[in-house]
Amino acid sequence: IREVRRSDGLRRRLQDKNKRPDISRIVSIGSEAGYDFTEEDLRAAFRHDWVMRWLQQQHKRDGE
């Protein structure tokens, strides 16, 4: 997830308008880029990323 945020090339491949985005395609692109993870690993990473973003937003709101 971090690498996609940093890499314009990876982001463009994932955002290809001619191909439907799905988790298996993301895993395949990740594998081609040298990353080794499963669909379940990616789902867990997305859940973790979402929770961390939610916590950051809560912290910002509490600080206001």
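The structure displayed is predicted, hence computed values, not measured ones.
Note: Ile23 CD1 to Leu42 CG = 4.0 Å, rounded to the nearest 0.5 Å. In this structure, CG on Leu14 lies 5.5 Å from CD1 on Ile26, to the nearest 0.5 angstrom.
For the pair His59 and Gln56, the minimum side-chain heavy-atom distance is 4.5 Å or more. Residues Arg12 and Asp8 have side chains in contact (heavy-atom distance under 4.5 Å, counting atoms from C-beta outward). Ile1 places a side-chain heavy atom less than 4.5 Å from the side chain of Arg5. When side chains are defined from C-beta on, Thr38 does not count as touching Val27, because their heavy atoms never get closer than 4.5 Å.
Residue pairs meeting the salt bridge (Lys or Arg N to Asp or Glu O under 4.0 Å) criterion with at least one member in residues 23-38, sequence neighbours excluded: Arg13-Glu32.
Side-chain atoms of Asp49 do not come within 3.5 Å of backbone N or O of Phe46 as any donor-acceptor pair.
Across all their heavy atoms, Glu3 and Leu10 have their closest contact at CG-CD1, 3.5 Å.
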